[in-house]
Each structure stands twice: as C-alpha cells, then as structure tokens.
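Sequence lines set the chain letters: A, B, ... in the order given, protein chains first and strands last, and positions in each chain run from 1.
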Amino acid sequence: MRLFLSVRVRFAPSPTGSLHIGGARTALFNYLFARSQGGKFILRLEDTDFERHQEEAEANILESLRWLGLEWDEGPDRGGPYGPYRQSERLELYQQEARRLLEAGLAYPCYCTPEELAAERERMRREGKVPRYSGRCRNLSPEERAELEAKGIRPALRLKVPAEGQIVVSDLIRGEVVFDCSTLDDFIIMKSSGVPTYNFACVVDDAHMKISHVIRAEEHLSNTPKQLLVYRALGYEPPAFAHVPMILAPDRSKLSKRHGATGVEEFRAQGFVPEALLNYLALLGWSPGDEQEIFSKDELIARFSLEAVSKHAAIYDIQKLTWFNSQYLNLLPLERLYELALPFFRQAGLGEEIERAERDYVLQVLATVRSRARTLVELVDMSSYFFRDDFAYDPKGVDKFFRRPGVAELLKEGKEALSRISSFDEASIEAAYRRLIEEKGIKGGDLIHPTRLALTGRTVGPGLFEIMALLGKERCLARLERAAQWIEENI
RNA sequence: GGCCCCAUCGUCCAGAGGCCUAGGACACCGGUCUUUCAAGCCGGAAACCCGGGUUCGAAUCCCGGUGGGGUCACCA
C-alpha cells in the first residue's frame, strides 16, 4: 500500500432522490478507506442540475449517512478549508477555470442548439454510426463567432479532445484501462447557462479540494478518460482512481425504484438497524479474506483495503441482510436496542405505554423477545402484549386451545395455583404449574398452550414461565380471569 | 451497435499453479433441544460459463467464444 501524505476522499452524491444502497456502499468504502488511512472523508453535493434537483433530497441523503454512522469531516453543513461543498455555490470557480481553458485555446464555444445536436445524433444512430459531435464549431472563424454572438446565441463550451492517442486510466481495483481518443468527442464542459457539466465540475472540485483518491461506482469508469483530459488541460495532477463494482437488483439489472426497497430510508423504515446494514454492505463486494462475517465499524476500518474489493458486480440479497439484522438484534446492547426500537413503539401506538413503563421492564421485554425478531417492526409487534391488556385472541389459537371442554375451568385453576405463589419468579411459577399438571393428570401442553393464548393472545412466543414472571402476578391473574370469562361467553 | 468492465454453489464471498475430494455465509432440506415459535447446535443437497493453448500439473496464467453489466446527453 502506497503511503500518501494526506488521504482525502469524497462522496459526491447528486441530490436527486434518496440515498440508495449502491450509493451508501460507495460512501462506506470511501469512509472506511479514509478512516483506515488516517485521512479525511469529505461530502460534496453535486447539485448543478437544477431541473432534477429535489429540495428534500439533500437533507434526506445527509440524514441517511448520519443514520449509518458515516460522519464526514468536511461538508455542506459543517464547512471545511476547501468549501463551499455545494457545486451550486462554486459556479464562479468553474467559470474561472473554463475561461482559462478558453484563453489557452484548449476549449472553444459551441453554438449548436440542443435540438440540432439531438437531430445530428439521431441521424448518426440511424446510419449505424457511433453518435459523436462533429466538431462543427471547433474551427469557426472569429467573424463567424462574432456573427453568432450578435444573434444573441449563448454558447456552450467544449473541450478540444485530441483525435488520436490513448488515455490510460490507472485503477486501484482494475489495473490499467486503456481508452482510445478516437472513441471520444469534444464534450461539453460548460452549458450555455454558465453551469458546468459533471465531467468538468467534478474534476475542478477534486483538484481544488485536494482529493487524493476517487473511489466511486463502476458506472463512472467510462467517464474517467474524459476527466483525465480535463486534468491535463487544466494542468492538475489526477488523483488515484478506484472503481468499485455495481450493486445490481435480483434480476441483474441496475437498481431502480421498481425493485422494491433499495433506499437506505426504506430499510430504516422496515426496521433494519444501521449496524446490520453497514455490515451487510461492507461484505457486498469486499472481503476480509477469512470467514468472519460480523464486524463492528472499528473492525471494518481496521481490516478494510481497496485491494480486497472484488471486481464484479454483486446482487443484493434481502434475505442475507435480514439475517444480519437478526444477528444484530441479538448482539446490540439492550440500551441501544431500546433507543432503536423506540420510534417503532411510537409508530405502533405504544409510545405512552413505553414511557410510562419502568425502563428496566422494557429492557427485559426486549431481552426476552429479541431472539425471535428479525426486524424492529417484528420486535415491537412481538412485545406489544407486554404493554397493553386489550389484545385479541388469535382465531386459530382459539380453535385449537379454547374450544376444548373444560378449558375455562382449567385456566381458573391455573389462576388459583398462581395466586398462592408468594415469590412470583420463573422457577416458582413453573413449579406451581407442573404440580397442577400432575394433579390433573394432563400433559404439560394442555395447560401451557391455553395459558399462553390467555396471557398473550398468541400461540407462539417466548417460554411461558418467562412471560409470566415478566408480566407479574397481577396481570397474569387478571388475564387468566378475562380469558376464562371470554371463553364462557363466546364458545 | 461502438467502447469499457466482469465471469466459482440460487445469492454474497474464500481461492493469487500443486494445500481443492473446491472452503464459509444466507436461503433451502433433515436432525437435535423444547411448553409453542424462534435462536443455538449437528448434518445434507448445491458451483469453477464454453473451447483452445502454456505447464509435469490450472478454478487460478494466455487467447478466442458466449454470457452479464456499464457507458455513449448542454444528467450526474
């Protein structure tokens, strides 16, 4: 690994939507690389497309990154030595740099209208040719230019691309990738509106922000020769490049909205915890080389390297993400779990109950239930009867356990047995129940199953005696009574 | 279509010429534990895209084919 004086990497999303998992992983790799190298992780917003810009998108993306725990050292919200960090606020810089190229004769104004260009492209395509700009405006005489200017046409600016030669992209993940200049055309660097295009703004910013490594998705590999041309024209030393493989949808196509949940925000809403998503994403396209799967953020930082990033695209698998999530639900400190689950309790209408309950009680509930939940949504759902009494009985459970003759009476006997216990702990409860089971000469399940239904409304859940001890004597007795009555009235 | 990238179980990864009878994980199937459901534990099925080379020896190197992906805008 080469040692750089100062590693500076950036994540540069365009605020046109929410952060999807591909972007999140790119951000993560940048973050891990920066942290592992003692460098800086910079956030920059590429918001030069005013048409597609979405007001909420910026806040949304920042929030998703924060939620994932990818804190940045410099960015639009916190500034830094090379700001501003929004391209829309750096327009003078691009114009200044563009002027330099114009004056040096490395770029030229183009007066073609978008319509003309589109028509030209279309014609070339129809003729089976590769659509490339003809270079029509490249050799305009000063008189012709003056004439067009006089008509009031605002030109775009194009970079002069050499007709021959090769551009070599040296990529940390892919090695040397060679592009022939003949496949490129004089591309636009400044739109007629005075706003830079991506390939220009990106280079100007990376150079001015002293970016040492550009780590981005593979879809940008084909743009890189153009950007290298811009570096050359501007006289800047290019950074190192690392193009990470794409994340594909299960049908092998590029991720889009129609593939269900692909946004960080959506996963969050579905009850995934950031630790799990981060861990899952890290292992999608990167491998530590051994068989460990669960990594804390610090472990990831310690072990990450760009060399170990794979070359081929990965298909994301919601099932494996779900597995990671269930692992973390069991691994996380209870306090952390509480914090993460709270919004979901509120959403389920249990906010008040949670706040009224003893913190310790809530933590015990979470500890009891968590091995069964795969998401926070499930966790909350499985906890609900610990916080409210007015649940309904599962109809299938009713058919199975409440329709047996004598169940109401049995439940009352159970209640009776429980009422005599002085210390309402798990062992005493079980002892009392086992005694009753023996006395009645029934099977354990004959009492246990109807009791669980009476106490929780459900047929599945944690061990019954665990549930009872947690609920406490009073609530157990009340719920058994309620169930016995319900059976007498409804069956 | 041109250019570029890629190719190991269904999916994510390991493998950097002999350690491969190809390893792990998810999912799947079976068993175990058990008051239910999970979790856990044990076991099973499941892959080197094809064809040529190079080599004593190739999943690993080279070439070709095929397949998949990306990109070709006054989008980023």
Need one value for [X]: base, sugar-phosphate or nothing, where a base atom within 4.0 Å counts as base even if backbone is also close, heavy atoms only.
X: A/I315; result: sugar-phosphate
X: A/S192; result: base
X: A/S326; result: nothing
X: A/C112; result: base
X: A/R252; result: sugar-phosphate
X: A/V195; result: nothing

Kindly say whether, by distance alone, the side chain of [X] makes a donor-acceptor pair under 3.5 Å with the base of [N]?
X: A/S371; N: B/A38; result: yes
X: A/R372; N: B/C37; result: yes
X: A/D317; N: B/A27; result: no

Taking only side-chain N and O atoms of [X], does any of them lie within less than 4.0 angstrom of OP1 or OP2 on [N]?
X: A/K320; N: B/C13; result: no
X: A/K191; N: B/C75; result: yes
X: A/R174; N: B/C4; result: no
X: A/K311; N: B/G68; result: no
X: A/Q327; N: B/G40; result: yes
X: A/T459; N: B/C37; result: no
X: A/H220; N: B/C5; result: no
X: A/R132; N: B/A73; result: no
X: A/S222; N: B/C5; result: no

Exercise for review: Please determine if A/E275 and A/K297 form a salt bridge, counting it only when a charged side-chain N lies under 4.0 Å from a carboxylate O.
Suggested key: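 A salt bridge is absent here (no side-chain N lies under 4.0 Å from a carboxylate O).
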Review point. What's the CG-P distance between A/L447 and B/U36, to the nearest Å?
Key: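 Distance, rounded to whole Å: 14 Å.
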Check your understanding: Is there a Watson-Crick or G-U wobble partner for B/C19 with both distances under 3.5 Å, and which nucleotide is it?
Key ->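 Its partner: none found.
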Point to revise | Expected output: side-chain A/D446 to main-chain A/K443 donor-acceptor under 3.5 Å | key: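 Answer holds: yes.
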Check your understanding: Is it true that A/F187 and A/Y133 have ring centroids separated by less than 6.0 Å?
Key ->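 Centroid distance A/F187-A/Y133: not below 6.0 Å, so no.
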Check your understanding: Is the ring centre of A/F304 less than 6.0 Å from the ring centre of A/W286?
Key ->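 Distance test on ring centres: under 6.0 Å, yes.
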